[in-house]
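Just so you know, ligand 1 is whichever comes first in the structure, and atom 1 is the first atom listed for that ligand. The figures that follow rest on heavy atoms only: side chains count, while hydrogens, waters and symmetry mates do not.
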Amino acid sequence: MKNIYSNIFKVNNKNLSKAINFLKKKELIGVPTETVYGLAGNAYSSKAVKKIYILKKRPLKNPLIIHYDNLEKLKRDVDLNKNFLKLYKKFSPGPITFVLKKKKNSLLSNISTSKLNTVAVRFSKNNTLRKILKSLNFPLAIPSANKSSHISPVSAEDVSQEFKSSVKIILNGGPCKIGLESTVVDLTSKPRILRPGLIGHTAISRALNIKIKINHRWSKIIKAPGMLKRHYSPGIPMKLNQKKAKNNEAFIVFGKKYKKGKNIFNLSYRSNLNEAAKNLYKTLRFIKNKNYKMIYVCSIPQTGIGLAINDRLTRAAN
Ligand code: TXA
Ligand code: MG
């Protein structure tokens with residue numbers, strides 16, 4: 001049997017230049033980031049970007065996040081503003097994505113931005129990705145490396161499972177440090193959080209010196225075209241805020257008040273929300289692969305990155 005992981009490569013100079021050449025030829029590669037693994041392609045090439053949409057089965061109206069490694073390159077494509085510069089200085093490179101106005105003469109493929117006049121941009125902290133971007137004279141469109149609406153990948157093996165041999169190179173950066181997608185903040189007018197993440201509204205409010213409202217019902221904000229109600233889904237019915245699970249069904253729990261057991265999956269015994277975030281997609285994928293028919297989930301504290309965990313759980317359960 002063919003090894004399903006034969007498209008996973010360790011990060012060394014030889015494999016990096018191979019990956020870089022692939023990108024120059026408008027091919028796609030799987031890359032690690034600190035949040036989740038991504039599927040990367042040349043953002044200036046409609047040919048490359050189209051491949052991303054096809055492979056992910058992503059609706060064309062859902063724009064991609066464009067990844068850069070420095071402000072000089074970014075300036076070619078978007079207008080920078082004061083709020084952006086404040087947040088950039090404080091949080092980039094890191095798990096935050098900024099929605100900014102696109103320049104009229106931007107070189108970005110119109111498909112990558114779903115023909116909008118705004119662009120979501122991010123500077124990842126991952127060294128491998130930074131090295132790649134540095135050696136390219138185009139930015140990379142990088143959505144999470146999963147089929148549209150599925151669970152996001154947090155390891156190179158997850159990416160291989162999603163796309164099999166349709167992706168020829170996946171660089172192995174080990175498990176993702178954060179495990180949940182970046183915070184998306186719209187800076188085109190009054191700052192708004194479109195997708196919660198590790199960097200929360202409090203930290204963003206503080207950095208901007210303005211109050212950003214907490215909106216517990218993120219799905220109501222349809223400003224982000226990709227804020228699909230159903231997303232991150234294991235494809236199994238899920239019940240949230242449960243005290244216990246039915247026999248033989250999976251039970252995702254949090255904290256040591258839950259006993260260990262065969263069908264019990266603890267996101268963090270020590271009640272650490274960052275650890276829970278890191279374990280969430282891994283756990284969902286594991287449960288899916290074990291062919292459980294139903295997933296029960298206990299309630300998760302709605303503080304810090306707990307907001308982002310609950311956001312993903314709500315969508316996954318939809
Ligand atoms: O952590 C992350 O952000 C990962 C890693 C790979 O960088 N990427 C990621 O990309 O999560 P993706 O495509 O799975 O999610 C991008 C989100 C979608 O909800 C999309 O609708 C939104 O960003 N987005 C992209 N462009 C936008 C725009 N111009 N305005 C509003 N939302 C936008
Ligand atoms: Mg995604």
Identity of the nearest option to atom 22 (C) of ligand 1, non-hydrogen atoms only, from Ala40, Pro32, Gly38, Pro63: Pro63
Minimum non-hydrogen distance to atom 28 (C) of ligand 1, winning option of Leu129, Thr118, Thr183: Thr118
N/O separation below 3.5 Å, Arg58 to ligand 1: yes
Polar contact flag for His67 and ligand 1 (N/O pairs, less than 3.5 Å): yes
Other residues, nucleotides and ligands only: do more than 12 of their heavy atoms fall within 6.0 Å of [atom1] on [X]?
X      : atom1 : result
Lys90  : NZ    : no
Lys86  : NZ    : yes
Lys282 : NZ    : no

Numbered atoms and elements of ligand 1 in range of [X], under 4.0 angstrom, heavy atoms:
X      : value
Asn62  : 18 (C), 20 (C), 21 (O)
Leu116 : 29 (N)
Ser182 : 1 (O), 2 (C), 3 (O)
Ser144 : 8 (N), 9 (C), 10 (O), 12 (P), 14 (O)
Leu194 : 31 (C)
Thr35  : 1 (O), 2 (C), 4 (C), 5 (C)
Glu181 : 1 (O), 11 (O)

Any side-chain donor-acceptor pair under 3.5 Å between [X] and [Y]?
X      : Y      : value
Ser152 : Glu181 : yes
Ser182 : Thr35  : no
Thr33  : Arg122 : yes

Derivation of the ring-ring contact (aromatic ring centres under 6.0 Å, His included) call for Phe123 and Tyr88: CA-CA 9 Å; Phe123 300 80; Tyr88 173 85; 4.9 Å; yes
Member of Leu28, Leu55, Ile8 meeting the side-chain contact (heavy atoms from CB on, under 4.5 Å) criterion with Val167: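 Answer to the side-chain contact (heavy atoms from CB on, under 4.5 Å) test with Val167 among Leu28, Leu55, Ile8: Leu55.
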The Mg ion (ligand 2) to nearest N/O/S of Ser144 below 2.8 Å: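 Yes.
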